[in-house]
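To start, the structure itself, in C-alpha coordinates.
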Amino acid sequence: MKKTIIALSAVLLASPVFAATTHATDDTVAAAKANANDAEQKLHEEQHKGEELKLKQKHAAEGKSESFGSKVSEDSQKAWHKTKEGTEKGWDATKEGTEKGWNKTKQGASDLEKKVTE
(Lines give C-alpha, C1' and ligand atoms only; values in the text may rest on other atoms or scores of the structure.)
Protein backbone atom coordinates (compact mmCIF):
# COMPACT_ATOMS: atom_id res chain seq x y z
CA MET A 1 0.00 0.00 0.00
CA LYS A 2 2.80 2.39 0.93
CA LYS A 3 4.64 1.65 -2.34
CA THR A 4 1.49 2.36 -4.33
CA ILE A 5 1.02 5.74 -2.65
CA ILE A 6 4.67 6.65 -3.22
CA ALA A 7 4.45 5.62 -6.90
CA LEU A 8 1.20 7.55 -7.37
CA SER A 9 2.72 10.63 -5.71
CA ALA A 10 5.75 10.42 -7.98
CA VAL A 11 3.53 10.22 -11.06
CA LEU A 12 1.44 13.20 -9.92
CA LEU A 13 4.55 15.26 -9.19
CA ALA A 14 6.08 14.40 -12.57
CA SER A 15 2.90 15.03 -14.62
CA PRO A 16 3.46 18.82 -15.01
CA VAL A 17 6.91 18.09 -16.41
CA PHE A 18 5.43 15.65 -18.94
CA ALA A 19 2.71 18.15 -19.82
CA ALA A 20 5.27 20.91 -20.43
CA THR A 21 7.37 18.56 -22.56
CA THR A 22 4.34 17.51 -24.58
CA HIS A 23 3.31 21.13 -25.10
CA ALA A 24 6.78 22.09 -26.34
CA THR A 25 6.79 19.06 -28.62
CA ASP A 26 3.36 20.00 -30.01
CA ASP A 27 4.61 23.50 -30.82
CA THR A 28 7.72 22.08 -32.47
CA VAL A 29 5.65 19.67 -34.57
CA ALA A 30 3.27 22.47 -35.60
CA ALA A 31 6.20 24.66 -36.67
CA ALA A 32 7.75 21.81 -38.64
CA LYS A 33 4.46 21.13 -40.39
CA ALA A 34 4.08 24.82 -41.25
CA ASN A 35 7.56 24.81 -42.79
CA ALA A 36 6.74 21.63 -44.70
CA ASN A 37 3.56 23.23 -46.02
CA ASP A 38 5.54 26.26 -47.23
CA ALA A 39 8.06 24.02 -48.97
CA GLU A 40 5.28 21.97 -50.57
CA GLN A 41 3.59 25.17 -51.77
CA LYS A 42 6.80 26.42 -53.39
CA LEU A 43 7.33 23.03 -55.03
CA HIS A 44 3.83 23.09 -56.50
CA GLU A 45 4.30 26.64 -57.78
CA GLU A 46 7.47 25.60 -59.59
CA GLN A 47 5.77 22.50 -61.00
CA HIS A 48 2.92 24.65 -62.30
CA LYS A 49 5.35 27.08 -63.92
CA GLY A 50 7.01 24.12 -65.66
CA GLU A 51 3.65 22.85 -66.92
CA GLU A 52 2.76 26.32 -68.21
CA LEU A 53 6.08 26.62 -70.03
CA LYS A 54 5.63 23.15 -71.51
CA LEU A 55 2.21 24.14 -72.86
CA LYS A 56 3.63 27.36 -74.32
CA GLN A 57 6.42 25.38 -76.00
CA LYS A 58 3.89 22.94 -77.41
CA HIS A 59 1.84 25.79 -78.86
CA ALA A 60 4.98 27.40 -80.28
CA ALA A 61 6.06 24.12 -81.89
CA GLU A 62 2.65 23.79 -83.50
CA GLY A 63 2.84 27.38 -84.72
CA LYS A 64 -0.16 28.35 -82.62
CA SER A 65 1.57 30.48 -80.01
CA GLU A 66 -0.27 33.64 -81.10
CA SER A 67 -3.68 32.06 -81.70
CA PHE A 68 -6.69 32.90 -79.58
CA GLY A 69 -7.24 29.23 -78.68
CA SER A 70 -3.72 28.82 -77.30
CA LYS A 71 -4.02 32.02 -75.24
CA VAL A 72 -7.32 30.77 -73.76
CA SER A 73 -5.76 27.37 -73.04
CA GLU A 74 -2.73 28.91 -71.33
CA ASP A 75 -4.82 31.34 -69.30
CA SER A 76 -7.23 28.64 -68.20
CA GLN A 77 -4.30 26.50 -67.08
CA LYS A 78 -2.92 29.44 -65.05
CA ALA A 79 -6.34 30.01 -63.49
CA TRP A 80 -6.66 26.33 -62.60
CA HIS A 81 -3.23 26.32 -60.98
CA LYS A 82 -4.05 29.42 -58.94
CA THR A 83 -7.29 27.78 -57.82
CA LYS A 84 -5.45 24.63 -56.76
CA GLU A 85 -2.81 26.65 -54.90
CA GLY A 86 -5.46 28.69 -53.11
CA THR A 87 -7.31 25.55 -52.11
CA GLU A 88 -4.10 23.98 -50.80
CA LYS A 89 -3.29 27.09 -48.78
CA GLY A 90 -6.79 27.11 -47.31
CA TRP A 91 -6.62 23.44 -46.44
CA ASP A 92 -3.19 23.84 -44.85
CA ALA A 93 -4.44 26.80 -42.79
CA THR A 94 -7.45 24.74 -41.68
CA LYS A 95 -5.22 21.85 -40.61
CA GLU A 96 -2.86 24.18 -38.73
CA GLY A 97 -5.74 25.94 -37.00
CA THR A 98 -7.30 22.65 -35.99
CA GLU A 99 -4.00 21.40 -34.66
CA LYS A 100 -3.43 24.58 -32.65
CA GLY A 101 -6.94 24.30 -31.23
CA TRP A 102 -6.34 20.69 -30.26
CA ASN A 103 -3.04 21.61 -28.61
CA LYS A 104 -4.79 24.35 -26.60
CA THR A 105 -7.47 21.87 -25.57
CA LYS A 106 -4.82 19.43 -24.39
CA GLN A 107 -3.02 22.21 -22.53
CA GLY A 108 -6.27 23.31 -20.89
CA ALA A 109 -7.00 19.75 -19.83
CA SER A 110 -3.49 19.49 -18.41
CA ASP A 111 -3.92 22.78 -16.51
CA LEU A 112 -7.27 21.61 -15.18
CA GLU A 113 -5.71 18.34 -14.07
CA LYS A 114 -3.02 20.31 -12.22
CA LYS A 115 -5.67 22.36 -10.41
CA VAL A 116 -7.63 19.25 -9.47
CA THR A 117 -4.57 17.44 -8.14
CA GLU A 118 -3.33 20.42 -6.12
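Because the structure is a prediction, the values reported are computed rather than measured.
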Does [X] pair with [Y] as a salt bridge, N-O distance under 4.0 Å?
X: Glu52; Y: Lys78; result: no
X: Lys49; Y: Glu46; result: yes
X: Asp92; Y: Lys89; result: no

Under 4.5 Å between any side-chain heavy atoms of [X] and [Y], yes or no?
X: Glu99; Y: Val29; value: yes
X: His48; Y: Lys84; value: yes
X: Lys100; Y: Asn103; value: no
X: Lys56; Y: His59; value: no

Counting heavy atoms not belonging to Glu66, are there more than 12 under 6.0 Å from its CD? no

Please report the interatomic distance [atom1]([X]) to [atom2]([Y]), rounded to the nearest 0.5 Å.
X: Gln47; Y: Glu45; atom1: CD; atom2: CD; result: 10.5 Å
X: Leu55; Y: Glu74; atom1: CG; atom2: CD; result: 5.0 Å
X: Leu43; Y: Asp38; atom1: CG; atom2: CG; result: 12.5 Å

For a quick check under 3.5 Å, do Ser76 and Ser73 share a side-chain donor-acceptor pair by atom type? no

Between Gln107 and Asp111, do the side chains contain an N or O donor and an N or O acceptor separated by less than 3.5 Å? yes

Please report the C-alpha distance between Glu113 and Val116 in whole Å, then the side-chain angles of each, then the deciding distance to 0.1 Å, and finally whether the side-chain contact (heavy atoms from CB on, under 4.5 Å) criterion is met. CA-CA 5 Å; Glu113 182 183 10; Val116 169; 5.7 Å; no

Looking at Thr98 and Thr94, would you say the former's side chain and the latter's main chain have a donor-acceptor pair under 3.5 Å? yes

From the options Lys95, Glu96, Lys42, select the one residue that forms a side-chain hydrogen bond (donor to acceptor under 3.5 Å, both in side chains) with Asn37. Glu96

